Every structure is written in C-alpha cells, then in structure tokens.
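Below you'll find the structure, written out as structure tokens, and then a few comments.
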2 protein chains.
Amino acid sequence: METKQKLMQTALQLFADNGYSETSVQEIAKQTGISKGGFYSYFPSKIDLMLEMVDDYHQSIQNITREIDGTKAELASYLHGELEIWIEHRLFFHVIFKELPPKKDETFTKKMEQLHDTLHYHHQEYFYLTYGQQIAPYVTDLVIMLEGIMKEYMMYMMLHDKQMDARQLSSWISRQMDGIVQNLANQKPFLQGDEERTIEQLLEDTKEIVLQYQLSNQQMLLRTIDEINRHIHADRDPFQLELLIHYLKREKVIEIQTIQIEKMWKQGGL
Amino acid sequence: METKQKLMQTALQLFADNGYSETSVQEIAKQTGISKGGFYSYFPSKIDLMLEMVDDYHQSIQNITREIDGTKAELASYLHGELEIWIEHRLFFHVIFKELPPKKDETFTKKMEQLHDTLHYHHQEYFYLTYGQQIAPYVTDLVIMLEGIMKEYMMYMMLHDKQMDARQLSSWISRQMDGIVQNLANQKPFLQGDEERTIEQLLEDTKEIVLQYQLSNQQMLLRTIDEINRHIHADRDPFQLELLIHYLKREKVIEIQTIQIEKMWKQGGL
DNA sequence: GTCTATATATTGATAGAC
DNA sequence: GTCTATCAATATATAGAC
C-alpha cells in the first residue's frame, strides 16, 4: 500500500512539473524506484492514476463543509477552509489549471466537471449566506470574479514559490469582495442571474446536488425535500418542518443549502 | 503562403480542443489537406509553429497601445482595447491558459514569460494612470485581481460558448475595480508593493522595457531617458524636457510610461 | 510483487521520387 | 511543393519468469 501512495506522490510532482501527457509511466516508475512493468501492478493505466488523484481531491473539497461555522456568516470563514485545502494540494491545483489532461477520456472529463460544479455551488452559497438573497442577480458574476481572483493568487504563489497564509489571504479576498458588493448598487449585472432566489429554486438546487452524488439514502433525502416544499406552501407546520430540516442537516454535501433553507423558512415565517 | 496560414489556423483549433502535446503533426496535416511530410516544408518542427503563433499574438498585444486615448484616463478604455484582442484570439487564449506547452523548450518558455511580462506591465500602468500614484502599495494585488477576473470571464465565455461584447465587459470589470479601489483605504496590501512610486522608478521601468524589445534606436532611447532623469533633478529646463519627452512619445511600446512621465513632471513642477 | 523482455502503436522528423 | 516510404525514438501496456 505504501508503494501505491509513493507512486501517486511522484506522479503528482512530475505532472505538476512537466504536464500529464509529457510524463511517461517509465519516469514515474523510475523515480519511485520500481520498474515500468511494476507500475501496472498498482494501476491498470496512467489515466486511472490520474482519476484516483482527482477523487482524492474532490473528497477533500467536500470535507471542507464540516469545518464551516454555520453561525458566523462571513465569506472569510468559508474561504479560509477552502484555501487551506488548495494550498495543501497546491501541486494538484497546478496540474489541473496549468494543463487540461485528456479530453478524450470521458470518465475524466466528467469527473472534472463534477469537481468544478461542486466548487461553483459552494461559492454561490457562500455569497447567499454572506450577503443575503438580494445579491441573486449578481451571483454568477460574483462567483466568477471570486474564482478568478483565487486562482490567480494561487498561480502567483506557485510561480513565485511563495508560501501564503490561508487565513490572511481569505480575509484579504473577502474584504475585496465586500468592496465589490458595496459598489454594486444600481449596476446591471454582466451575466444574467436569477432575478430573485426563491425557496423553490433553492430546494431544486439541493435536489440536484443530492442526485449528483449517489448517496445511499438518496430516496429518503429527495422525499424530505419534497415534503419541505409542500409544508412551506401549505400548513407551515413548524414542528414537522423542524423535523424535516433536521434530517437534511446530517448530510454534509448539502450543509450550506440546508442552512439557507432554514434561514429562508424562518425569515419568511415572520 | 496560403497553406501556411491554413496550417496555423488548423493547428490552433486542434491545440485548443485537445492540447498541444496531444495533437500530432499528422492530424494537423491531415485536417489541412496535405501529407505529414508536407508539413515540414512550412515549419521546421511542431514547436516552431507554436512559436510563430505566440509571436503573432504578442504583436497584437503590443499594437493595442496605439488605440489608447491618452487623455481619457479610464481603466475601461484601456481594457476595452485589450479585451478585443483577447476575444478575437480567444482560441489562442484557450491554448495558453488551458495547457502549458513544453517546459523543456527554453525558447518557448522565454517567449511566454515575455508575453506575460508585457501584459503585466500594461496592467500596472493602467492602474497608475487611472487611480494615480497613491495606489502604489496595492498595485501588485490590483493587477493580480484584474488578471484573474479577466481570465475567468474569458474561460466562462469559452466553456459556455457565449460571445461577449468587449465594451460591456471592460466597462463592467473596470467598475468592479473601482469598487475594490474605493474600499482599499486603511487596508494593508496582501502582497508587498512599492511604498511609493517615484519618477526614478518609472524611468528605470521604462529603460527595462526598452531593453526587453530590441529596438533599432535603443541607444538613442536610453540616452534620452537618462537625460530626462538628469534634467528633472537639475535645471528642470521645460524646453529641453519637452523635446526629450516628445522623442519618447513616438515609441509605442513605452507609450503608457511616457504619458506618466509627462504627468509626473508637470505635477511635480507646479 | 516486482522484474525482464517484448508486443504494438504512434510519435516527430528525414530522404528522395515526382 | 508535395508526396510516399521510412527512420529512430518513445509511448502504453502485456506476458511470463522469479
């Protein structure tokens, strides 16, 4: 098991340095200290190694939500968790953003899209949580700008071989986003956003995420979301809604959405 | 000559789709309608085709300055020119930012660094011209954020196959930068910037650019810059300074710097 | 599990006919 | 100028010995 880990680490370094396609299996094996043939005892092919790398990273990203403090609705605290992962996996980041590996492999492309979507969803919800539902028309623009800024700082770090403090950087970036948001008044968004963010949309988004990750209790979750939708419009029975939302709360992949559902319910109920 | 252009265009499309290393000479030749052997009548190697592509783009970038209106010191007007080029050459952009081609070829790496530096210089000077010398401590951060935002919007455009209006986008981005700059007061920059931007530094930067591009009148330009430096500190003879600056103004690669030199001289002279 | 040896395909590039 | 034929190198992946 140790050799496999070592292979992945060596491969990551080589991919980051020279790119995926220009790194040969032979080179990976040689630098790990085994023969070319031996490589295939651990991975069925080169792309499968890459796929495992993506999976590892994707899992790290999903685990960020665990560390989120739901009460303090500040962009900085969300970004902090994410940036720590980025910095820790900065070599992987470099591979992903400096060379787009084989478009030909469909599995890979799909995995990358999922990773991208996961991040995108997270960021979108950060904004809603921090600035409220009124930034809905601008949310697409804000997410794009945030992602661009984060990537560029990461790139700067890589190229200049500087180490960055996740806390300082997240605090800096979120303050700049504050500046942008404050200045947004009366501006027309550049990209079309939703005119307003209704609870129906939020529930729909949550369902999509549940579908994306094939969770064991998928059916139960979908039913729960539907029930919430029904109760919100019908009786608004607080006891039942509390129960339903509590069930959703267990699921970390939709944690951010659940917090918002609760928020909107209680605000709407006043 | 026409076949050569066609080869480059086909190659660009293939590079953008599948990446540089995963596009074979055979594929380029086949899609252009000639044989693999025929390819080598036009380019000595695959990397040489790529190098020519970079040169073409670099030239377009340098030509932007021509269209700048020096009197209207707005970030938007500068960005507009640049974004038009980006959008026009969006396939090239995709190649550059989605796959970093061979690190092994030194000529290529050098050309890419030059291109990056050129853009970086431009952006830095845009900020100085728009917001004045007092943003000096923040200029590195501002440039990074601007570049990140621009890249991300370009990426969004590519991935969603949407066309964007350069004027609208440049206007939007510059307004967001306004928001950031206005919010900057009392913040400590994240990356170290120059504490203040003196005219000596500006002249030094200008010299570096002159040295980077091997211009035919390099010696004359360097002498001129030195003379400006001398006169600024000594007699401040307006007639002679006017002459010297006028000579610099002809040179488009340092146009932005020249405008600023003139500005600082006249402000300092009051 | 890891090695050596090998199979097979594809790459970038060259030589020489037309 | 463009083709065909071919080179040498390298790639991923497999087979079978130990």
Side-chain angles (χ1 to χ4, degrees), chain A residues 1-55 95 98-109 111-112, chain B residues 1-55 95 98-109 111-112:
Chain A
M1 274 305 144
E2 209 183 312
T3 313
K4 184 162 177 171
Q5 282 305 314
K6 207 174 165 191
L7 273 170
M8 288 185 75
Q9 212 180 327
T10 315
L12 178 59
Q13 183 69 56
L14 285 167
F15 290 168
D17 287 345
N18 312 319
Y20 172 84
S21 5
E22 289 186 292
T23 304
S24 67
V25 173
Q26 183 158 38
E27 216 174 337
I28 299 169
K30 188 180 143 199
Q31 286 210 17
T32 311
I34 64 166
S35 74
K36 185 167 64 160
F39 175 90
Y40 292 92
S41 311
Y42 297 96
F43 299 98
S45 75
K46 192 173 119 180
I47 188 73
D48 283 282
L49 183 151
M50 183 74 195
L51 287 173
E52 276 200 40
M53 267 173 45
V54 178
D55 282 338
V95 175
K98 263 297 170 184
E99 179 181 344
L100 176 82
K103 233 181 183 168
K104 302 174 181 183
D105 188 284
E106 250 188 56
T107 320
F108 180 82
T109 318
K111 271 196 200 295
M112 285 304 299
Chain B
M1 276 303 143
E2 208 181 312
T3 313
K4 182 163 179 171
Q5 281 305 315
K6 208 177 166 191
L7 273 170
M8 288 186 74
Q9 211 180 326
T10 314
L12 179 59
Q13 183 70 55
L14 285 168
F15 290 167
D17 287 345
N18 310 320
Y20 172 83
S21 3
E22 288 186 294
T23 304
S24 66
V25 173
Q26 184 160 37
E27 215 175 336
I28 299 169
K30 189 181 142 199
Q31 285 209 21
T32 311
I34 64 166
S35 72
K36 184 165 66 157
F39 175 91
Y40 292 91
S41 312
Y42 297 96
F43 300 97
S45 76
K46 193 173 124 180
I47 189 70
D48 283 283
L49 182 152
M50 185 73 195
L51 287 172
E52 276 201 39
M53 267 173 46
V54 178
D55 282 339
V95 175
K98 265 296 172 184
E99 178 179 345
L100 174 82
K103 234 179 183 171
K104 304 173 181 184
D105 189 284
E106 249 188 58
T107 322
F108 180 81
T109 318
K111 270 197 200 297
M112 284 306 298

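A, B, ... follow the sequence lines: proteins, then strands. Residue 1 opens every chain. All values below come from the heavy atoms of this structure, side chains included, with hydrogens, waters and symmetry mates left out. Because the structure is a prediction, the values reported are computed rather than measured.
With a 4.5 Å cut-off on side-chain heavy atoms, A/Met50 and A/Val95 count as touching. Between A/Phe15 and A/Leu49 there is a side-chain heavy-atom pair separated by less than 4.5 Å.
With sequence neighbours left out, A/Lys111 forms a salt bridge (charged side-chain N to carboxylate O under 4.0 Å, His left out) with A/Asp55. Not a single ring pair (Phe, Tyr, Trp, His ring centres under 6.0 Å) links B/Tyr40 to another residue, sequence neighbours left out. B/Ser45 meets the side-chain hydrogen bond (donor to acceptor under 3.5 Å, both in side chains) test with B/Asp48; sequence neighbours excluded.
To the nearest 0.5 Å, atoms CD (B/Glu22) and CG (B/Leu14) are separated by 12.0 Å.
Going from atom NZ of A/Lys30 over to atom C1' of C/dT4 covers 17 Å, rounded to whole Å. Computed from coordinates, the B/Ile28 CD1 to C/dT10 P distance equals 17 Å when rounded to whole Å. Remark: P of D/dG1 and NZ of B/Lys6 are 16 Å apart, rounded to the nearest angstrom. For the pair A/Met50 CE and D/dT12 C1', the interatomic distance rounds to 17 Å; values are reported in whole Å.
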Open item on the list: Let me check I have this right: for DNA chain C, each base becomes ., (, ), [, ] or |, based on Watson-Crick or G-U pairs with both distances under 3.5 Å. What is the full string?
Closed with: |||||||.||||||||||
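The backbone N or O of A/Phe43 sits nowhere less than 3.5 Å from a side-chain atom of A/Lys4 that would complete a donor-acceptor pair.
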Listing, residues 27-35 of chain B side-chain donor-acceptor contacts under 3.5 Å, not counting sequence neighbours, or none:
residue: B/Thr32; atom: OG1; partner: B/Thr10; partner atom: OG1; Å: 3.3
residue: B/Thr32; atom: OG1; partner: B/Ile28; partner atom: O; Å: 2.6
residue: B/Ser35; atom: OG; partner: B/Gly38; partner atom: N; Å: 3.2

Open item on the list: Base contacts versus sugar-phosphate-only contacts with protein, heavy atoms under 4.0 Å: please encode nucleotides 12-18 of chain C as B, S and - from 5' to 3'.
Closed with: BBB----
